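Everything numeric in this text was worked out from a predicted model, so none of it was measured.
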Amino acid sequence: MANRPVGYGFTAETTKRIDDKYDAESEREAIDWINAVLGGQEVSYGKDNVQHALKDGVILCKVMNILQPGIIGKIHPAESNSFKKMENIANFLTAAEKYGCHRGDLFQSVYLTDGQNMPAVIGGIHAIGRKAQTNGFKGPLLGPKESSANPREFSEEQLLHGRVHGY
């Protein structure tokens with residue numbers, strides 16, 4: 001019985017699908033950005049290393065406070081109990097939304113604390129990096145610039161001219 005796999009059926013399939021979405025290049029970009037923002041080698045590469053370094057929320061809170069000073073008032077130390085660590089992550093996610101990130105671009109606390117969905121965590125870091133560019137952050141860049149609305153207004157004559165004949 002010692003050689004039994006951890007998950008069966010639907011759970012195993014779901015876990016495999018999530019793990020298959022993990023992109024080492026996206027991870028490298030996100031980790032390089034975090035380290036550059038913080039000015040040191042805070043996080044090392046590898047899914048397990050990233051999860052271990054970020055799961056207490058301290059590094060993420062520090063990044064948010066650099067992007068927008070004072071956005072997170074209290075950061076609990078890494079040695080705190082698990083509830084305080086989860087509060088750090090929740091404070092980070094709340095601050096990211098206040099900073100302008102869409103909730104759908106971020107992740108749930110449990111994805112990071114339990115390592116359930118690390119691709120979503122990396123995606124959330126990328127979302128914050130994109131928003132930092134939009135908000136005028138002068139530090140290192142992460143990913144492409146976030147798109148913005150480009151509304152166009154046409155006169156009635158232009159609209160009629162652009163119609164396909166017969167419709």
Side-chain contact, heavy-atom cut-off 4.5 Å: Ile128 with Met64? yes

Val121 side chain reached by Gln51 side chain, heavy atoms, under 4.5 Å: no

Taking the side chain as every heavy atom from C-beta outward, state whether Leu93 and Leu60 have any pair of such atoms under 4.5 Å apart. no

Tell me whether Glu157 at atom CD has more than 12 heavy atoms from other residues, nucleotides or ligands lying less than 6.0 Å away. no

Side-chain contact test, heavy atoms from C-beta onward, threshold under 4.5 Å: evaluate it for Leu141 versus Trp33 and give yes or no. no

Can you tell if the side chain of Leu54 reaches within under 4.5 Å of the side chain of Val43, non-hydrogen atoms only? yes

Are any non-hydrogen side-chain atoms of Arg130 and Leu142 less than 4.5 angstrom apart? no

Set of residues satisfying salt bridge (charged side-chain N to carboxylate O under 4.0 Å, His left out) with respect to Lys131, sequence neighbours excluded: Glu146

Can you tell if the side chain of Ile34 reaches within under 4.5 Å of the side chain of Leu38, non-hydrogen atoms only? yes

Before you tell me yes or no, could you show the steps for Asn81 and Phe83 under side chain to side chain contact (heavy atoms under 4.5 Å, CB included), namely the whole-Å CA-CA distance, both residues' side-chain angles and the distance that decides it to 0.1 Å? CA-CA 6 Å; Asn81 65 38; Phe83 295 108; 3.5 Å; yes

Any side-chain to backbone donor/acceptor pair from Asn88 onto Asp56? Under 3.5 Å, distance only. yes

Please report the closest heavy-atom contact between Ile72 and Phe92, naming both atoms and the distance. CD1-CA, 3.8 Å

Thr113 vs Val110 side-chain heavy atoms within contact, under 4.5 Å: yes

Quick check for you: to the nearest 0.5 Å, what is the distance between Ile125 atom CD1 and Ile31 atom CD1? 5.5 Å

For side chain to side chain contact (heavy atoms under 4.5 Å, CB included), just list the numbers for Phe107 and Asn117, CA-CA rounded to whole Å, side-chain angles, deciding distance to a tenth of an Å, and then say yes or no. CA-CA 8 Å; Phe107 56 91; Asn117 191 348; over 6 Å; no

Nearest non-hydrogen partners of Ser109 and Ile89, listed with the distance: OG-CG2, 3.7 Å

Whether the side chain of Asn35 engages the backbone of Glu42 through a donor-acceptor N/O pair (distance < 3.5 Å, no angle test) should be reported. yes

When you look at Leu67 and Asn135, which way does the side chain to side chain contact (heavy atoms under 4.5 Å, CB included) test go after all the steps? CA-CA 9 Å; Leu67 296 178; Asn135 290 351; over 6 Å; no

Atom of Val50, atom of Met118 and distance for their closest heavy-atom approach: CG1-CE, 3.8 Å

Taking all non-hydrogen atoms of both residues into account, name the closest pair between Pro140 and Ala36 and its distance. CG-CB, 3.6 Å

To the nearest 0.5 Å, how far apart are CG in Leu112 and NZ in Lys85? 11.0 Å

Once rounded to the nearest 0.5 Å, what's the spacing between atom OG of Ser155 and atom NE2 of His161? 10.5 Å

Distance-only, no hydrogens or angles: does the Asn65 side chain make a donor-acceptor pair with backbone N or O of Ile71 under 3.5 Å? yes

Using modelled atom types only, decide if a donor and an acceptor are shared between the side chain of Ser80 and the backbone of His76 within a distance under 3.5 Å. no

Between Leu106 and Met86, is there a shared hydrophobic cluster once you connect ILVMFWY residues whose side-chain heavy atoms come closer than 4.5 Å? no

Can Tyr45 and Asp32 be said to form a side chain to side chain contact (heavy atoms under 4.5 Å, CB included), step by step? CA-CA 9 Å; Tyr45 303 119; Asp32 287 348; 2.2 Å; yes

Could you tell me whether Glu87 and Lys84 have a side-chain N and a carboxylate O separated by less than 4.0 Å? no

Nearest heavy-atom pair of Ala53 and Ile59: which atoms, and what distance? O-CD1, 3.6 Å

Tell me whether Glu27 contacts the main-chain N or O of Ile122 through its side chain, where contact means a donor paired with an acceptor under 3.5 Å. no

Would you please name every residue forming a side chain to side chain donor-acceptor pair (under 3.5 Å) with Glu29, sequence neighbours left out? none

